[in-house]
Amino acid sequence: MVGVIVAVITAPVALPFFGNLPAMFIDGSVTFYFNLVIACVLGLSLYKCADRLGISTSRACPFDEKGDRQECLSYFFSRPNRP
């Protein structure tokens, strides 16, 4: 639908052997950002429902039982090779 509207508006600048380049560019940009929005919404919904779906969103810290948050942060950020 968007492609038809853009093609009609930009019809005067259509080139004989190349087609309507501005319409193709605008339609491609709209399609790209629409797909990007869909991917972000799906990713956010998976993140929000991770506990119900059994998806791990963070690594377990061995210091969580003690409640020492500073030691947990230093554990993850001091190691150069994290899995």
Side-chain angles (χ1 to χ4, degrees):
M1 183 68 181
V2 174
V4 173
I5 294 170
V6 172
V8 169
I9 292 172
T10 59
V13 296
L15 300 173
F17 293 107
F18 297 107
N20 196 344
L21 292 178
M24 287 190 284
F25 176 76
I26 293 170
D27 190 37
S29 299
V30 168
T31 302
F32 172 75
Y33 285 111
F34 184 70
N35 287 332
L36 186 67
V37 166
I38 289 174
C40 288
V41 168
L42 287 176
L44 182 63
S45 63
L46 279 174
Y47 179 75
K48 292 287 188 175
C49 297
D51 56 341
R52 287 183 270 160
L53 297 173
I55 301 171
S56 176
T57 56
S58 64
R59 295 176 290 186
C61 180
F63 305 107
D64 274 345
E65 292 94 27
K66 294 187 252 177
D68 191 0
R69 177 83 55 195
Q70 185 62 36
E71 192 171 353
C72 187
L73 290 174
S74 65
Y75 173 77
F76 283 117
F77 292 114
S78 64
R79 298 184 322 167
N81 297 327
R82 288 178 271 161

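A donor-acceptor pair under 3.5 Å is absent between the side-chain atoms of Asp27 and the main chain of Val6, judged by distance alone.
Under the 4.5 Å side-chain contact rule for hydrophobic residues, Phe18 and Met24 share a cluster. Transitive grouping of hydrophobic side chains (ILVMFWY, heavy atoms separated by less than 4.5 Å) brings Phe34 and Leu42 into a common cluster.
In terms of heavy-atom proximity, Ala23 sits nearest to Ala7 at CB-CA, 3.9 Å.
Rounding to the nearest 0.5 Å places CD1 of Ile26 at 8.5 Å from CG of Asn20.
As a member of the Ile/Leu/Val/Met/Phe/Trp/Tyr network built from side-chain separations under 4.5 Å, Val41 groups with Val37.
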